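In what follows, chains carry the letters A, B, and so on, assigned in the order in which the sequence lines appear, proteins first and then strands, with residues in each chain numbered from 1. The structure presented is a predicted model; accordingly, all values stated were derived computationally and were not measured.
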2 protein chains.
Amino acid sequence: MESTVTLDKVARQAGVSSSTVSRIINGTARVSAVKRENVLRIMSELNYHPNVLARGLASGRSMGVGVLTQDISSPFYGSTLRGIESALQGTGYHPIFISGHWHVQEELEAIDFLLSRRVDGVIVLGGGVPDMRLQDVARRLPVVVLGRSVPGLEDQCLRLDNFAGAQQATRHLIELGHRNIAHIAGEASHRDAQDRLEGYRAALDAAKLHFDPDLVQPGDFHEASGFLATTRLIEGRTLFSAVFAANDQMAYGARLALHRKGLRVPEDVSLVGFDDLPGSMYTTPPLTTVQQPVEDMGHAAAQGMLRLLRGERAEVQPMNIRLVIRESTVRRRSS
Amino acid sequence: MESTVTLDKVARQAGVSSSTVSRIINGTARVSAVKRENVLRIMSELNYHPNVLARGLASGRSMGVGVLTQDISSPFYGSTLRGIESALQGTGYHPIFISGHWHVQEELEAIDFLLSRRVDGVIVLGGGVPDMRLQDVARRLPVVVLGRSVPGLEDQCLRLDNFAGAQQATRHLIELGHRNIAHIAGEASHRDAQDRLEGYRAALDAAKLHFDPDLVQPGDFHEASGFLATTRLIEGRTLFSAVFAANDQMAYGARLALHRKGLRVPEDVSLVGFDDLPGSMYTTPPLTTVQQPVEDMGHAAAQGMLRLLRGERAEVQPMNIRLVIRESTVRRRSS
DNA sequence: CGCCCTCAAGAAAGCGCTGTCAAACGCGGC
DNA sequence: GCCGCGTTTGACAGCGCTTTCTTGAGGGCG
């Protein structure tokens with residue numbers, strides 16, 4: 001435990017060459033059973049742990065997979081990270097997380113950081129890194145992208161059908177008899193937010209319902225913006241009996257704003273979110289929302305990465321999105 | 001962008017020795033201005049990024065700080081990770097996260113992993129790694145521990161006063177006139193949970209209130225257990241007008257269970273949580289809870305780590321815990 | 001019985017960088 | 001013009017491991 005135990009030390013102790021020890025560790029070649037046993041025993045006696053840095057330097061593979069996320073503490077991405085972590089478990093590869101905080105410059109630096117860390121592959125979760133840069137990186141090492149589609153890398157991209165999800169959510173409200181459905185939009189610059197807005201409009205169109213711009217309020221995917229948007233909605237002159245928020249966090253904010261104004265969910269106003277965060281099952285009432293299989297997505301992305309690392313094709317399959325109907329939506333009162 | 005750019009390549013291109021380039025990068029020694037300019041220019045032309053592995057191997061410092069957390073997607077630890085990340089930002093050090101999943105064996109392996117990764121320091125977030133192992137590790141490199149106190153390492157431990165927090169929460173309910181206060185306990189094996197239970201009892205004792213074991217229900221810190229515990233409470237024979245849950249997630253579950261049984265919060269039952277998760281401000285009604293400065297804690301822990309890395313003392317200061325009174329608690333109806 | 005082939009094991013050359021040591025250089029002073 | 005001093009710079013030996021190339025010992029076969 002004093003001075004670090006090196007492979008050489010183990011080799012000397014066991015009376016073999018360092019090559020032999022290396023071979024035993026990596027299973028790179030046959031080694032006589034006697035020597036193997038002996039070396040393994042000494043390794044555990046000395047409590048030897050290979051130096052990953054040296055190993056990476058010598059072999060050219062660091063056994064690290066870079067994961068560029070936006071916010072390590074985001075309830076949405078959190079589960080995805082968990083999925084990645086669990087899929088990598090036991091494969092010898094290990095995730096290295098780094099956050100871009102929805103800031104292109106920071107994301108670019110994060111990628112440079114990962115590259116200088118000599119990761120063997122990169123998983124990118126959304127964000128705003130220019131396609132070109134990703135294509136660039138993909139030329140050098142395996143890349144899997146979640147939540148967006150990069151030209152030329154389509155089969156390594158795991159997209160979610162935000163449009164269809166939003167459409168489904170809105171249709172659900174329409175089928176319940178709602179005619180005046182408000183929408184709290186997400187950060188306008190996010191592709192996801194745009195798609196969800198489009199899905200909302202498409203559902204209205206399909207039902208031949210009038211699209212009222214007054215019923216669409218901007219938000220930024222955080223609770224506070226949902227609260228504000230809903231307050232504006234209530235104080236506005238346009239009536240509505242249902243709200244579709246572009247994500248669950250904003251739906252939480254909306255829920256509180258309605259509560260403050262004495263409006264009950266779902267009796268007075270139906271509410272639908274998007275994401276199905278872990279907490280959405282336990283709001284009062286439990287929230288109807290579009291479920292993104294976030295953890296599975298992480299898992300699938302990591303699986304794709306492992307395939308790429310083995311030299312195969314990523315073959316990531318598009319994931320299913322589905323509406324989870326809970327108790328925040330009911331048929332519109334005939335009144 | 002083809003074959004990786006090495007320091008040697010830059011040196012040759014610039015017509016200087018690799019030592020000189022190294023010196024320019026690290027600022028280890030004076031270098032004539034002309035050469036510096038020239039080398040810097042070539043570095044950016046070639047888009048050179050030092051190989052962190054090689055650097056770590058040669059210098060013995062990997063510039064990585066290992067962070068042993070329990071669950072990368074936990075809403076509670078998430079903010080702490082964020083705090084660590086932000087404190088390390090710009091210092092040259094980078095966090096390497098790994099989860100133990102509240103599983104001692106896994107945590108031990110995680111520590112081995114970090115050591116073999118040759119991190120320069122380790123931050124441990126709670127968990128069940130035996131004190132001895134932590135003392136062992138601390139002998140080899142800087143260690144900061146969050147949420148528990150390890151003998152001999154006291155000044156590198158950042159403890160939260162769970163006892164005082166729970167006491168405060170309970171006292172608050174008592175001051176509002178509540179006499180029958182239920183408690184949903186956390187995972188019995190967690191020190192935090194035990195301390196919170198003790199705080200609850202202490203507050204009751206101080207007010208000369210009878211401690212009724214029937215009003216204490218076991219939980220496991222997750223929503224579902226809060227729901228179950230509260231259901232048991234309601235169906236039990238002992239009346240209560242307030243619930244103190246050992247964490248916010250269980251309080252959410254309790255909230256839903258009360259709702260299901262037609263009990264209103266706070267009119268019929270007052271509810272207090274613990275942690276002040278980001279979402280607790282937006283529950284209906286907003287939750288009264290004990291605030292742990294989770295992000296600040298991460299920040300402080302990382303600061304302490306940086307100090308240790310500079311060879312100074314950690315000097316981590318105990319953090320303040322405080323009760324945030326929102327709308328889930330009210331004076332008991334005189335009825 | 002000798003030759004060639006096979007397979008285990010060792011020697012040694014890096015991987016890309018840091019850091020020590022010594023050489024080279026320039027400068028002022030005598 | 002030469003000496004000594006303080007700087008800038010280069011050469012080189014690792015850091016701990018992988019991997020190629022060799023060596024050496026058996027083993028099968030003619």
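Scanning for salt bridge (charged side-chain N to carboxylate O under 4.0 Å, His left out) contacts around A:Asp155 gives A:Arg313, with sequence neighbours left out. For B:Glu106, there are no salt bridge (charged side-chain N to carboxylate O under 4.0 Å, His left out) partners, not counting sequence neighbours. Qualifying side-chain contact (heavy atoms from CB on, under 4.5 Å) partners for B:His190, counting only residues two or more places apart in sequence or in other chains: B:Trp102, B:Glu187, B:Ala193, B:Phe221. Not counting sequence neighbours, the partners of B:Arg310 by the side-chain contact (heavy atoms from CB on, under 4.5 Å) test are B:Leu306, B:Arg307, B:Glu312. Evaluation of the side-chain contact (heavy atoms from CB on, under 4.5 Å) rule for B:Glu107 yields B:Leu68, B:Gln70, B:Val129 as partners, not counting sequence neighbours. B:Ser22 meets the side-chain hydrogen bond (donor to acceptor under 3.5 Å, both in side chains) test with B:Asn26; sequence neighbours excluded. Checked against side-chain contact (heavy atoms from CB on, under 4.5 Å), B:Gln105 has the following partners two or more places apart in sequence or in another chain: B:His103, B:Leu108, B:Glu109.
Counting 5' to 3', DNA chain C first comes under 4.0 angstrom of a heavy atom of chain B and last does so at the ends given by C:dG16 to C:dT20.
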Using a 3.5 Å cut-off and no angle test, enumerate the donor-acceptor pairs between side-chain atoms of residues 114-122 of chain B and protein atoms at least two apart in sequence or in another chain.
{"residue": "B:Ser116", "atom": "OG", "partner": "B:Phe113", "partner atom": "O", "Å": "2.9"}
{"residue": "B:Arg117", "atom": "NH2", "partner": "A:Ser62", "partner atom": "O", "Å": "3.3"}
{"residue": "B:Arg118", "atom": "NH1", "partner": "B:Leu115", "partner atom": "O", "Å": "3.0"}
{"residue": "B:Asp120", "atom": "OD1", "partner": "B:Ser62", "partner atom": "N", "Å": "3.1"}
{"residue": "B:Asp120", "atom": "OD2", "partner": "B:Ser62", "partner atom": "N", "Å": "3.2"}
{"residue": "B:Asp120", "atom": "OD2", "partner": "B:Met63", "partner atom": "N", "Å": "2.6"}

*Summarise how protein sits on nucleotides 16-27 of chain D as a single string, 5' to 3': B when a protein heavy atom is under 4.0 Å from the base, S for sugar-phosphate-only contact, - for no contact.*
BBBBB-------
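Once rounded to the nearest 0.5 Å, the distance linking NZ of B:Lys35 with CG of B:Asn38 reads 9.5 Å.
Terminal axes of the helix from C:dC1-D:dG30 to C:dC30-D:dG1 (five pairs each, C1' rotation axis) are separated by 60°, to the nearest 10°.
Look at B:Lys35 and you won't find any side-chain N or O under 4.0 angstrom from OP1 or OP2 of D:dT8.
For the ring pair (Phe, Tyr, Trp, His ring centres under 6.0 Å) condition, no pair includes a residue of residues 35-89 of chain B, sequence neighbours left out.
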